[in-house]
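For reference, the structure discussed in these notes is given below.
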Amino acid sequence: MPWPTTRRVIGTRVQRLDGNEKATGRAKYSFDINRPRMLHARILRSPHAHATIKTLDTAAAEKVAGFRAFYLIKKAGAEVFFAGDEIIAVAADTEEHADDCLRAIRVEYNVLAHQVKEADSLRSTTNTTGGAGVTNVNAGGDFTTDNFENAFAGTAATVQADYGVGVISHQCLESHGLVAEWDDKQENLTVWASTQAVPNTAEGLRVHFKMKPGEVKCITNYMGGGFGSKFGPDIQGIAAAELARTTRQAVKLMLDRAEEVTVGGIRPSAFGNVKIGGTKEGRIQAFEVDCYGTGGVSRGATVSFAILPYVYGPAVPNIKRLHRVVRTNIQTARAMRAPNHPQNSILTELAIDDLAARLNVNPMTMRLANLPPDDVAEAKTNPRGYIAQRGSIYRAEIAIIRKMCNWDRDWHVPGAQKGTIKSGMGMALHTWGGGGRGPNPTRVTINANGTVLAQSSSQDLGTAQRTLMAIIIADVLGLQPTDITVTLGDSSFGPSTPSGGSTTAPGTSPAILKAAETARDAFLTALAGRLNVQRNQLSIAPGVVVNAANNQRIPFRDACSQLGVPNVQANADWPTTKELQNSAPLREEWTTRLTNQGVGGVQIAEVKVDTETGIVTCSKFWAVQDCGLIINKLACESQVAGGVIMGLNYALYEECIFDRVTGRQVNADMEFYKLAGIADMPPIQVHMHDMPERGVIGIGEPPTIATAAAVGNAIFNAIGVRVPIAPFTPERVLAALANRRAGNP
Amino acid sequence: MHDHETLESGPSRRDFLQETGAVVAATALAGAATMESPAAELQPGTGGGIGPNAVKITLNVNGRDVQTSIEPRVTLLDALRNYLDVTGCKRVCDRATCGACTVMLDGKVVYACTVLAIEAQGRQIRTAESLYNDGKLDAVPAAFVRADAQQCGFCTPGFVVAMKAVLDANPQAAPAQVEKGLQGNICRCGTYEQMRDAIYALCNTKRGN
Amino acid sequence: MKNFTYFRPTTPEQAVTLLEARWGNTEMLAGGTDLLSLQKQYVAQPGRVVSLNGIAGLQTVVVGERSATLGAGVTLARIADHADLRRLFPALTAAAGDIGGPQIRNMGTLGGNLCQRNRCWYFRDEHSPCLLRGGQRCSAIEGENKYHAIFTANHRCVLASPSTLATGLIALGASAEILGPQNRRRTVELAKFFFAPTGPTEREHTLAANELMTSVTIPVRGLTNAAYEVRQRQSSDWPIVQVAVAFSGGRNGEKATGVKIVLSHVAPTPVIAEAAARAVDNRIITDATATAAGRAAVEGAKPLTQNGYKVRLVEVAVKRALMIAAGLPRYWEA
């Protein structure tokens, strides 16, 4: 079952099927669901970054107008580890009354010491974050190549400096939460959840309530942003369902903005002291880094630095990494778009440009000199994968972007421009996996009335997953995507994989293709029987079934009406893990031809720096990105441009700012947690580097990775001095400029 | 009692129930939001106060008068979403920053999260839902769809309303003017590049690089 | 938000009778862009809200030969777009046009802009210590203060005055008409209107709790004037610092006289930068004299732990505002 070699719809620019509904506000997101007699719930949270609950008194709250029920999350005596930690949920008839109830609850705390700044926590001699360990610092896994002692000997230049990026928040516009409703007998639960994992969310609730399979249904028709932070019901989902059960009424519990920022997910910070040395031709000889980062209170959820030096690792002979996990009294980090990669990109790419400048080598030349080589061994098992051809991919992409941005004409030596406003260009590379897996059962139904229905339980996060399903099926059936009715986002249909890590397109596409082809075959077989012709005399052409027996072209709808049965239906899915393990041909087909994993991408930023104010404007941006076989070119380009904009946000504007004394985030909002508006964003030129022979690979994560490093390098190129920590805000730019004026390196 | 004039001179409440989904839903939702005390009537212009208990209000939403009972503190956004089931305007920052709640009040864009519902009486409230009528899609959302200027789409109705307001006020607006009209809206998925395509298409201007 | 009783007077006099002598229990609602957010944060918890939006007379703009009078309820959008105001008072109209996005400008009013509370993130977080909410300490002095005041000498609270209309209006010599109980009317120069509060019973201005600002009058004196703000984002954002300047002459090689330079976002009140004004007064405005004025503007600045960079931004903003007013090339727009 290969992809069609001539693709009529696949790979074209297809508008999303649900565009009209979304653009006119008629699409109902989970936040928009209003059920009959629905109650509203809110959660009382610890205002302290670290405390124990001394007493909890709800008596007054129970007397508040509209009060319905409580759900206790933490009892008196329990310890809370960050400002925002959940204590008790309350349901009332209106949101306003739920708020009144919250404020009537009296909680006394024993306030304990906390740490919210990585640098403080790194030096701290006590453990404020719970669990084992005398301090907040844990070893993160060190690594050294053999014979590192002489790694820097004989280098033409070595630079050593600090780089990093702070904690940022997912800031999903639709906050986390759900609407929960039980049936009259309290046996079945339905939730409308904002989630990237529809079946997982149902399953999380099923396990919590110890229910039987199928008794919890999760519906997610539309979803307002997740970016890696929404994979289950979370505590607020459980609280809503508990309150709905207690009150026998539907309950809505969606986080407000301050909650969304303080408990809805953060990306770990990363800071590193990097020493990098290279030859005069620009080959990196040694890369040494001592790094740390925080993933909040969690011991586990922090940056993995195991991919340093990022992208170029396979080409660097000498590597040493020291890594410390620094726990802090802030929420546990969650996966965020390309986990680990943006941070590692910053720690690598900024250092490379600093070395390039010291060596007097053009940064593009420097990167070409250090590309990871095509892996010969890998080529034997997966010749179309990234690892087998990564060097070639980057080389091709760099050749393309070099022309797109006119690098040879417009790049200049760092700091070479005169004047107050200085412009500069910088580049960076990235990679990501983006392979898929099952189960992703898909059903295609061709009805006698000519309609075609496609079903899966997967979710459309704004990725145009609905449209992707329709494109593949339309291509197989000779139809237009608008001819296909797609239903997804309903766990009762069956399992599907969570939409994380750019896995949804590759995880679903081959099952969709197989279901479409199976449906087509069943359709033609049934039709052949009705028309008294051989099955192989019938074929699909655009809009018609071609009967070779009499050269007749039957419009698709007419053909459907001649089926003689209400419909033909096909179900398809991935082979099971075991089947894939046991069959090399199946493995090859599903994981190296229909889909694959691993992409490379190259990005270049042009910035303008106002050297008097330190304000950086990104004025142009170029991105070249491969993602194997492109299903929807329009949506792919949107993903890439969107990824770039997310990258520009953490490059220039956004960061979580915590107060050392109160332990609270001071900008848990959208006012001082700054995100770009349209006026702040440059024109973005996207070039999809088409490699259809590689099969489908995900595109969600990659385009946001290299962006900030490219911007950081463009700033360096503009002003000739390094601004080491993202976001590159005016005060940091001015500090770097002042530092240079003071004669410091 | 002039607040009720529009209602009394307009079609009967029963007609509303048949005509508009919004009112039907509003009735259902008002049932959920059981008020603990009888709704007071709004009496503007006098020294007498309104509330704090719920009061009956009439809002003109997308050309139709709808009624509900709310406490004075309820914002226009929450009245629309929680009491009238008009959910095209989204609650995101809830602090007059992000623009997801953008609606037109008498043709001018405002943040519905930061207007009291009580104060929106007697004014024409227009949400993104008004841009789709009888199967006909307005040019602004249509341009968003064509350019793929939306991903998750949660911010989109706010952007669409903001853009519509600029073009309503000045159909000859240049792309830069339209873009300035979006200054008060934020998109997290990063659809600005495609939004510029939509703007240039709406302004019949070719986009250079 | 705590629930409240809502009042909708139709005359200023009626509004004043609804106010109370002390701040807190009764708040005035105009555009709502500040008050509603404060209420949602439970920083403001009024039991009574007096809406000014039913008072017709507060929305008038009258531009005469000697002065222009703007009702306190005039929206920022109207100020920004008003042709006569744009011609006479670009310092005011440019600042109004830079505030927020179109939604804020359609909602926010002149009076609200002048009387708004500050944006300190500790003040606006009910769980953080803050002098203005009755706390024992100012969290900003040792805390996160990159947007706070840099003129901090003698200030226990280091909020940054947020109004960007105040600077232009002060530079232009404007005054506010205020109505109090028993129809008492007074006029106060905006230069004397603002106040550095240190406790919960005080506000950032000198309006009494039972007084209503009804209008602002700007003398028409043919002054050259301009405003400039340093902002990180071109989309809706607060300026990091903002400056307005006004003077006589000062263009086409003529000397500038009677120079006024006013700064916002740098101190608990707008700052009238007298030393800066002296540095250019009676001189031709050039890059050099404007630069000197910028330097003089930051004399006495005592930045906090994280906002030293704002000193530099004030220097630059003063220079650029003077150059805009003088019609010199905007070298920073290259």
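Proteins get letters first, then strands, A, B, ... in listed order; numbering begins at 1 in each.
- Of the atoms belonging to C/Lys319, it is side-chain heavy atoms, and not backbone ones, that fall under 4.5 Å from chain A.
- Looking at C/Trp121 and A/Glu671, their side chains never bring a donor and an acceptor atom within 3.5 Å of each other.
- With rounding to the nearest 0.5 angstrom, the CE atom of A/Met681 is 10.0 Å from the CZ atom of C/Arg233.
- Here the side chains of C/Ile240 and A/Pro730 are in contact, with some heavy-atom distance below 4.5 Å.
- Interface remark: A/Lys117 contributes side-chain atoms only to the contact with chain C (heavy atom separation under 4.5 Å).
- Within 6.0 Å of the NZ atom in C/Lys302, the count of heavy atoms belonging to other residues, nucleotides or ligands does not exceed 12.
- Closest approach of C/Ser235 to A/Ala679, counting heavy atoms only: N-CB, 4.1 Å.
- Using a 4.5 Å cut-off on side-chain heavy atoms (C-beta onward), A/Leu734 and C/Leu313 make contact.
- Atoms CG and OG, on A/Asp680 and C/Ser236 in that order, are 10.0 Å from each other to the nearest 0.5 Å.
- Taking chain A as the reference chain and counting heavy-atom pairs below 4.5 Å, the highest number among C/Lys2, C/Lys310, C/Arg312 is found for C/Arg312.
- At a threshold of 4.5 Å between non-hydrogen side-chain atoms, the residues A/Asp659 and C/Tyr122 count as touching.
- Between A/Phe672 and the options C/Arg119, C/Lys146, C/Glu144, a side-chain contact (heavy atoms from CB on, under 4.5 Å) holds for only C/Arg119.
- Residue contact with chain C, scored on non-hydrogen atoms closer than 4.5 Å, involves the backbone and the side chain of A/Thr613 alike.
- Only the backbone of A/Phe658 comes within contact range of chain C, with heavy atoms under 4.5 Å apart.
- For the pair C/Glu142/A/Val661, no side-chain contact is recorded, criterion being any heavy-atom separation below 4.5 Å from C-beta on.
- In terms of non-hydrogen atom pairs under 4.5 Å with chain A, the most contact-rich of C/Glu126, C/Gln232, C/Gln234 is C/Gln232.
- Contact annotation: the side chain of A/Thr662 never approaches that of C/His127 to less than 4.5 Å [non-hydrogen atoms, C-beta and beyond].
- For chain C, the option among A/Asp256, A/Asp610, A/Thr729 with the highest count of heavy-atom pairs below 4.5 Å is A/Asp610.
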Evaluation steps, side chain to side chain contact (heavy atoms under 4.5 Å, CB included), between A/Arg257 and C/Lys40: CA-CA 12 Å; A/Arg257 185 52 32 184; C/Lys40 289 174 185 179; over 6 Å; no
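- Between C/Met1 and A/Asp99, the shortest heavy-atom distance links the atoms N-OD2, 3.9 Å.
- Side-chain contact between C/Arg320 and A/Glu612: present, with at least one pair of heavy atoms (C-beta onward) separated by less than 4.5 Å.
- For C/Arg295, the CZ atom counts as loosely surrounded, since its 6.0 Å shell holds 12 or fewer non-hydrogen atoms of other residues, nucleotides or ligands.
- Side-chain atoms of A/Glu96 and C/Asn3, non-hydrogen and from C-beta on, never get closer than 4.5 Å to each other.
- Heavy atoms of C/Asp237 lying under 4.5 Å from chain A belong exclusively to its side chain.
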